[in-house]
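Whatever order the structure lists ligands and atoms in, that order sets their numbers, starting from 1. Along the sequence shown, residues are numbered consecutively beginning with 1. Nothing here was measured: the structure is a model prediction, and the numbers come from that model.
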Amino acid sequence: MYERFKRRSDTVNKNRLIDWPTFIGALLLLLLVTVPLMIFPEKGEEFVLAANDYITTNFGVIYLLVGLGVFFFLLVVAFSKNGWVKLGDKDEKPEFGNFSWAAMLFCAGIGSSILYWGTIEWAFYYQGPPFGIEAGTQEAIQWAATYGIFHWGPIAWAIYTLPALPMAYFYYVRKKPVLKVSEACRPLIGRAADGIFGKLIDVLFMFGLLGGAGTTLALGTPMIAQGIHSLTGLPVNMVLKTVILLLCTVIFAISSYTGLRKGIKYLSDLNLWLAIFLLAFVLIFGPTLFILETTTNSIGLLLDNFFHMSTWTEPFQNIGPFEQTGFPETWTVFYWAWWLVYAPFVGLFVAKISRGRTIRQMVLGTMIYGTLGCILFFGIMGNYGLHLQLTGEFDVINVLNEQGAPRAIISIVEQLPWSGLMLFVFTVLAIIFLATTFDSSSYILASVVQKEVDDEPIRWNRMFWAFGLSFLPLILMYIGGLSTLQTASIVGGFPLLIILTMLGWSFMRASNGDIRASENYKPKTINLDPKRIRERLRRKRKNENK
Ligand code: NM2
């Protein structure tokens, strides 16, 4: 009896931890956006597309500048005194080993989209190259193999890493048991973090993430469906897509339910091993030399042109004889916006798993492991497809243009030796990649709607957001509004540009202040005394004359 009573009162006590205004605010905002889209899909789509056009055209340059700025900022943080600060107590060892840490961070931040774009992105650039280069030329092909790596490279990972700084700092150094974006802005906005402004920041972040996850599902589900169709012959229809979505949801719900140290960790490790197997197989049994050469060449091209690519705005578009390709808006700006809506979530997650590391280890680890992982996917999967195209073994571009990207991706995998097995591995990997992104997002969404997160967010709360994450895309998939939601999330993520800047600023303010106040702080400036210098020189001359 007492036990039952105690359990009930524990639950009631735990429920007090829920931050209801944020919880309900996020739900309301979502309904506010999705219900009109359900009732007026066409008008809604028109409006969202126009808003997207307006933002990417007029503010595209800001996205590019923020991307580059964040990259430099993180390098400065990593190599300055701020980077040496330990996230945790003095003698604390990292909570997770390097492999699991890298696996978790990669699998949280990267979903099935890497299998999608990693395999096919080159084909889009092949046909629509950047910098006004003619399509199909050797130069265009080199860029086709390179641009994907840039869009999934150091700047993209820097956007992911920045929010982790203040969040990890407040959680493990200042020991505030709150995992929220608003909390990380506190040094800048003060008490407003507890008020309506703070709630708005959290709700906006949640809205962006739910929409960004919608984009992931919109890309991942048809690709998995194509894989299952090729494996089993089942027709690709709504029923199959719904079953896939539900299956993924069940997997990531279980993973999220069992928590960080069990489900999320094991699924991430499995994810990484399977990915290593796929990549090694394609590298060994595919055109190994071509893959190595093209990837190496792409890395060089990228390093040579890093600044050009990160600042290319296509400035003379539509002026005089110059035609607009829209490349920067369609690709780079879209990508930065997509990484941005995921960034606070990945930041919160990276922060949570980084106990016992220094800030410098966290920052460089995320940027380096993340970029390397993406290079592997784009270099191996992408160049395998490119090789099929160039040798004429398989006309990827034709399938892409005639039957769409999911079919083209699966057809590329079907060209591998032991195609049945490899298709199976690819499809399972896509499902797990999806699940590992969604288990950590539901974990983080649950943390944000709690006033405090003791060790892990409350279980029913984690479950609620796990199902919430796929419920909305599911409905939108039926009425055909999913692509509108994607665009809406990119538009909705616009305020995150400001929030990101606030997060960086807030970290610097807090950490600089704390470092200065700490006992073993030594100021870096040396004030030289001219009198003493003159004295020293005089003595030296005297000695020499002797
Ligand atoms: N990013 C990395 O769909 C996914 O793979 C999740 C996508 C932002 C482009 C993240």
Side-chain angles (χ1 to χ4, degrees), residues 63 66-67 70 103-121 124 147-164 205 208-224 244-245 248 252 267-268 271-272 275 330-350 366-367 369-378 381-382 405-406 409 426 429-445 469-470 473 482-483 485-487 489-490 492-493 496-497 500:
Y63 276 93
V66 167
V70 168
M104 278 201 274
L105 98 91
F106 192 79
C107 298
I110 299 293
S112 49
S113 310
I114 196 144
L115 294 175
Y116 186 106
W117 290 116
T119 314
I120 204 67
E121 195 161 320
F124 288 87
Y147 241 102
I149 297 180
F150 172 66
H151 286 146
W152 294 70
I155 294 191
W157 281 95
I159 296 177
Y160 262 10
T161 316
L162 186 126
F205 143 65
L209 176 57
L210 283 160
T215 312
T216 298
L217 283 178
L219 292 171
T221 319
M223 181 177 71
I224 296 170
I244 292 171
L245 210 60
C248 292
F252 71 76
L267 210 56
S268 299
N271 191 169
L272 213 64
T330 325
W331 291 105
T332 314
V333 174
F334 160 74
Y335 260 124
W336 282 188
W338 192 14
W339 286 86
L340 191 68
V341 288
Y342 265 95
F345 138 61
V346 179
L348 278 165
F349 188 73
V350 171
T366 313
M367 282 167 74
Y369 289 136
T371 304
L372 281 180
C374 291
I375 291 180
L376 287 179
F377 276 94
F378 278 79
M381 297 309 289
I409 296 165
F426 187 87
L429 189 58
I431 295 175
I432 299 186
F433 248 128
L434 204 78
T436 51
T437 301
F438 279 66
D439 59 7
S440 29
S441 1
S442 41
Y443 188 93
I444 288 303
L445 285 173
L469 268 174
S470 46
L482 200 49
S483 58
L485 178 70
Q486 291 168 28
T487 324
S489 86
I490 302 297
L496 287 177
L497 272 180
L500 198 73

If we ignore hydrogens and angles and just use 3.5 Å, is the side chain of [X] paired with the main-chain N or O of [Y] as donor and acceptor?
{"X": "W339", "Y": "H151", "result": "yes"}
{"X": "Y116", "Y": "M223", "result": "no"}
{"X": "T221", "Y": "A218", "result": "no"}

Pair Y342, T216: side-chain N/O donor-acceptor within cut-off below 3.5 Å: yes
Closest non-hydrogen atom pair between P163 and L500, with its separation: CG-CD1, 3.8 Å
Can you find an N or O of [X] that's nearer than 3.5 Å to an N or O of ligand 1?
{"X": "G111", "answer": "yes"}
{"X": "W338", "answer": "no"}
{"X": "Y342", "answer": "no"}

Of Y63, W152, F150, W157, the residue whose pairing with W336 passes ring-ring contact (aromatic ring centres under 6.0 Å, His included): F150
Per-residue contact class, F433 against ligand 1 - non-hydrogen pairs under 4.0 Å: neither
Of the listed options Y160, Y335, F334, closest to atom 8 (C) of ligand 1 (non-hydrogen atoms): Y160
Closest to atom 10 (C) of ligand 1 (judged by heavy-atom distance), picking from S113, G109, G370, A108: G109
Contacting atoms of ligand 1, where contact means under 4.0 angstrom from a heavy atom of I110: 2 (C), 5 (O)
Where ligand 1 meets T216 - atom numbers and elements under 4.0 angstrom, heavy-atom basis: 3 (O), 4 (C), 6 (C)
